[in-house]
Amino acid sequence: MIENVRVRFAPSPTGPLHIGGVRTALFNYLFAKKHNGTFILRVEDTDQNRYVEGAEQYIIDALNWCGMPADESPVKPGNYGPYRQSERKAMYKQYADELIASGNAYYAFDTAETLDFHRKDHEAKGKTFIYNWHNRLKLKNSLSLSAEEVKAKLDAGEDYVIRFKSPQDETLHLKDIIRGDIQIDTNVLDDKVLFKSDGMPTYHLANIVDDHLMEISHVIRGEEWLPSLALHYQLYQAFGWEVPEFAHLPLILKPTGKGKLSKRDGDKLGFPVFPLEWKDPKTGDVSRGYKEDGYFPEAMVNFLAFLGWNPGTEQEIFSLDALINAFDLERVNKSGARFDPDKTKWFNHHYMQEQANDELAKKFLPIINEKLNVIQSGSEESQDGISPAGGNDIDVNYVEMVVALVKERATFVSDFWGLSHFFFTAPTSYDEKASKKAFKEGTKDILKEVVSIVNAIDDFTVETLQTNLKGWITSNDIGFGKVMMPLRLALVGALQGPDVFDIMYMIGKAESVARIEKAVAIL
RNA sequence: GCUCCGUUGGUCAAAUGGAUAAGACGCUACACUUUCUAUGUAGAAUUAAGAGUUCGAUUCUCUUACGGAGUACCA
């Protein structure tokens, strides 16, 4: 076991947390818990322009919904706060100054326009403009300007940034837990801005300073940070700090086509890319969430864990605790994983079976009431005998029994109505295709006979129903199909649903007879 | 363009220098004595290409192709 594990999930509050971000958080959480470590949420809000109202709360809510709350966070401070970078603002400057004093960084006065011009100019010539050893002396900074000039500019309050002085002709040896050793030639690196003219650090500086101050032991983040790893290594070295371990997670790719998963893919293919529903405070646009779409958090966590990781065994159903137990960064894949909405549904179907029926019934009840209201206000007729449990007052126990009968083929709670409406309301029509198949010559007489048999049963249970009807069928050599199919159609309105005898028992004798007689009438 | 990372069935993936290359999703068929979208069983389908090392390579090396990420005073 690795000692003193402290990991952080460090999103920027620029909007709802993307599913890829949730996976990054999950892997951090799993790793932390696996090693009895600490899982920290740090909000990286150094870019004031991109701050979005409500995003931080969303992130916290999402983490909680998944069952992986942070041990230390802005709302639950530990001994390493504050946990918002905007609130740590005051501490970054001194570190930037320290780097200047040690010769690892320098002031740069170039305007955004100048830089932009150089970049475009280079591009036009088919070259790439890199601000580094190659040309830094040709630009306006404390390396090219005299000490007096620099002081004058600083005193005059001119805008400046602080850049890292990337060394020349060195080979860096970087280590990544997932990818192994990586070598980088420092000549291709640029002098990244560490400190912005607005007085805020960039991600690079803030990230290193905070990770150091917060005693982060392992940095687990997305692959998009891999190119920055060289800079981060150099920063640790420049400060003389111990370098944490790094692990760069593979990306989550679109289900079809190219590139990484984006919001648009979800809209297009009809699945959410966010854990929770999000309403954009500016545009008012609403993005769907897994929670609102009826996914269970266990299902989402389980399938997310399997995107880029696997236990190496045939087990694929893992609770959060089981994941903590089995998780290992060494078993994380290097290559990007395509997101599979079908597999997600499969997981949800699985976890549906594990849900308690009474809980599901509670979630289903409002849907039933809503549907019945629509039916009632829609058509006046065919209202008698609608709810066998009595009027519109649906009995929760009855719903619970219905759930027990249909949940094995349900993926979402929202599937329940389609699978069980006939338990609550009589069919008003018969599926056309099914009618052709089930209502045939002689069916009328058969159903009439069924009515009398059912009527004759006093002890109305599934068992007696079954023995009496089946006994009648076999002793008269009628054929199950000729009886069961039209019977089902009469009860349900389609060739669907659980066992016919279960349905009859549930809706009760009177309602069963009524429905069969209704079918007889139209035949 | 440049830098870095990657490439096992349609998708997620296991294995690893040595057998017929696991398993899952999806798909197809069959079964459940007869509803199925459920369940069960079966089936089709894979080591990107080319060199090299080796007795032997999916596994190691190189080249090519393809994919991805980064290349901001964004994170």
Side-chain angles (χ1 to χ4, degrees), chain A residues 10-14 44-47 49-50 85 108 110-112 115-116 119 122-123 126-131 159-163 174 176 178-180 182-185 187-190 192-204 206-207 221-230 248 250-251 253 255-256 258-260 303 306-317 331 333-347 349 353 406-411 415 418-419 431 434 437-438 479-485 488-489 492 494-500:
Chain A
S12 55
T14 53
E44 308 235 329
D45 54 354
T46 50
D47 186 359
N49 299 324
R50 297 210 304 161
Q85 287 186 330
D110 316 273
T111 63
L115 262 19
D116 206 40
R119 272 191 273 269
H122 275 67
E123 199 180 324
K127 291 194 283 188
T128 310
F129 174 77
I130 306 178
Y131 202 130
D159 273 359
Y160 68 87
V161 299
I162 296 174
R163 284 180 182 272
L174 317 176
D176 182 275
I178 296 167
R179 277 148 229 281
I182 301 163
Q183 293 191 10
I184 298 279
D185 177 0
N187 288 346
V188 302
L189 266 23
D190 59 347
K192 277 270 182 281
V193 171
L194 301 177
F195 202 81
K196 299 184 272 186
S197 56
D198 65 358
M200 283 289 229
T202 60
Y203 167 82
H204 301 293
N207 158 46
R221 75 228 299 195
E223 190 186 320
E224 67 269 26
W225 293 108
L226 201 48
S228 306
L229 184 57
H248 290 88
L251 262 15
L253 275 17
T256 56
K258 302 172 178 180
K260 63 174 176 181
F303 90 78
F306 270 69
L307 236 36
W309 172 86
N310 79 82
T313 65
E314 289 192 9
Q315 184 184 350
E316 55 189 333
I317 298 302
R331 291 202 66 88
N333 276 36
K334 296 181 181 70
S335 50
R338 225 174 253 280
F339 184 85
D340 183 357
D342 281 331
K343 187 89 180 223
T344 314
K345 287 187 182 148
W346 179 80
F347 272 114
H349 176 264
Q353 310 317 312
V406 302
K407 81 168 177 183
E408 73 172 16
R409 65 203 67 193
T411 299
D415 292 339
L419 294 167
D431 181 78
K437 203 173 161 191
F480 279 90
K482 280 188 180 158
V483 180
M484 300 305 281
M485 285 221 279
R488 175 179 292 277
L489 195 51
V492 174
L495 261 23
Q496 284 175 5
D499 188 84
V500 172

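The model shown is predicted, which means the values in this text are computed figures rather than measured ones. Each chain gets a letter, A, B and so on, in the order its sequence line appears, and its residues count up from 1.
Whole-Å rounding puts the Asp198(A) CG to A75(B) P distance at 9 Å. The nearest whole Å value for the distance from the CG atom in Leu194(A) to the P atom in A75(B) is 12 Å. Taking atom OH of residue Tyr203(A) and atom P of nucleotide A75(B), one finds them 10 Å apart after rounding to whole Å. Separating the CH2 atom of Trp225(A) from the C1' atom of U71(B) is a distance of 13 Å, rounded to the nearest angstrom. Atom P of nucleotide C25(B) and atom CG of Asp342(A) are separated by 11 Å, given to the nearest angstrom. Put simply, CD on Glu314(A) is 14 Å from C1' on A21(B), counting in whole angstrom units. Atom CZ in Arg163(A) sits about 13 Å away from atom P in U71(B), given to the nearest Å. As rounded to whole Å, 13 Å separates atom P of C36(B) from atom CE of Met484(A).
Taking the six-membered ring where the residue is Trp, Phe347(A) and Phe306(A) present tilted rings, their angle falling between 30° and 60°.
Out of A75(B), U35(B), C25(B), the shortest distance to the side chain of Trp346(A) is found at C25(B). For Arg119(A), whose side chain is taken as the heavy atoms from C-beta onward, the closest listed nucleotide among A13(B), G67(B), A72(B) is A72(B). For Ser228(A), taking side-chain heavy atoms from C-beta onward, the closest of the listed nucleotides A75(B), G6(B), U3(B) is A75(B). The side chain of Lys343(A) lies closest to A24(B) when the candidates are A24(B), U35(B), A69(B).
For the P atoms, the distance from U59(B) to G9(B) is 14 Å, rounded to whole Å. One P atom belongs to U41(B), the other to A24(B), and the distance between them is 9 Å to the nearest Å. Here the separation of A65(B) from G26(B), taken at their P atoms, is 38 Å to the nearest Å. Atom C1' of A21(B) sits at a distance of 10 Å from the matching atom of U16(B), rounded to the whole Å. Taking the P atom of each, U64(B) and U3(B) are spaced 12 Å apart, rounded to whole Å. For the P atoms, the distance linking U47(B) with G10(B) amounts to 9 Å, nearest Å. Comparing the C1' positions of U54(B) and G18(B) gives an interatomic distance of 11 Å, to the nearest angstrom. Annotation: G67(B) and C74(B) have their P atoms spaced 31 Å apart (nearest Å).
In this structure, Lys260(A) reaches the sugar-phosphate backbone alone: every heavy-atom distance under 4.0 Å involves primed, P, OP1 or OP2 atoms, never a base. Across all strands, Arg221(A) comes closer than 4.0 Å to no nucleic acid atom at all (heavy-atom distances). Residue contacts for Arg50(A): at a heavy-atom cut-off of 4.0 Å it reaches a base atom on one of the strands shown. Heavy atoms of Asp190(A) sit nowhere under 4.0 angstrom from any nucleic acid atom. Counting non-hydrogen atoms under 4.0 angstrom, Ile130(A) reaches nothing in the nucleic acid. Base engagement by Gln496(A) is indicated by at least one non-hydrogen atom pair under 4.0 Å involving a base atom. If you check every strand for non-hydrogen atoms under 4.0 Å, Gly308(A) touches sugar and phosphate atoms only. Residue His349(A) is in sugar-phosphate contact alone, with no base atom involved, counting any heavy-atom pair closer than 4.0 Å across all strands shown. Residue contacts shown for Val193(A) are limited to sugar-phosphate atoms, with no base heavy atom under 4.0 Å away. Backbone-only contact: Gly259(A) has heavy atoms under 4.0 Å from sugar-phosphate atoms and none from a base. Contact annotation for Ile182(A): backbone-only contact, meaning every heavy-atom pair under 4.0 Å involves sugar-phosphate atoms and none involves a base. Within the 4.0 angstrom heavy-atom criterion, only backbone atoms of the sugar-phosphate kind lie near Arg338(A); the bases stay farther away. Using a 4.0 Å heavy-atom distance criterion, Asp110(A) is classed as a base contact.
Side-chain N or O atoms of Arg221(A) include none that pairs as donor or acceptor with a backbone N or O of Leu226(A) at under 3.5 Å. A side-chain donor-acceptor contact under 3.5 Å links Gln353(A) to the backbone of Lys407(A).
Gln85(A) is listed as a side-chain neighbour of Asp45(A), based on a closest heavy-atom distance under 4.5 Å. By the 4.5 Å heavy-atom criterion applied to side chains, Lys192(A) and Asp190(A) are counted as neighbours. Glu223(A) is not listed as a side-chain neighbour of Lys260(A), based on a closest heavy-atom distance of 4.5 Å or more.
In this structure, Asn310(A) does not reach the A13(B) phosphate: none of its side-chain N or O atoms is under 4.0 Å from OP1 or OP2. For A75(B), one of the phosphate oxygens OP1 or OP2 lies less than 4.0 angstrom from a side-chain nitrogen or oxygen of Thr46(A). Listed pair Asn49(A) / C73(B) fails the phosphate criterion, with no side-chain N or O lying under 4.0 Å from OP1 or OP2. Of the side-chain N and O atoms in Arg331(A), one or more sit less than 4.0 angstrom from OP1 or OP2 of A15(B). Dashed line: the shortest gap from a side-chain N or O of Lys196(A) to OP1 or OP2 of A75(B) is under 4.0 Å.
Considering every non-hydrogen atom in both Ser12(A) and Arg50(A), the closest pair reads OG-NH2, 4.3 Å.
Put simply, the side chain of Arg179(A) and the base of C5(B) share no donor and acceptor less than 3.5 Å apart. The base of C73(B) is paired with the side chain of Ser197(A) by a donor and an acceptor separated by under 3.5 Å.
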side-chain contact (heavy atoms from CB on, under 4.5 Å) for Met485(A) and Leu495(A)? Distances and angles first, verdict last.
CA-CA 7 Å; Met485(A) 285 221 279; Leu495(A) 261 23; 4.1 Å; yes

Which is it for Leu174(A) and Ile184(A) under the side-chain contact (heavy atoms from CB on, under 4.5 Å) test, yes or no, and what are the steps along the way?
CA-CA 8 Å; Leu174(A) 317 176; Ile184(A) 298 279; 3.8 Å; yes

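Secondary-structure annotation of RNA chain B gives the stems B:1-7 with B:65-71, B:10-12 with B:23-25, B:27-31 with B:39-43, B:48-52 with B:60-64, with a stem taken as at least 3 successive Watson-Crick or G-U pairs whose two distances both fall under 3.5 Å.
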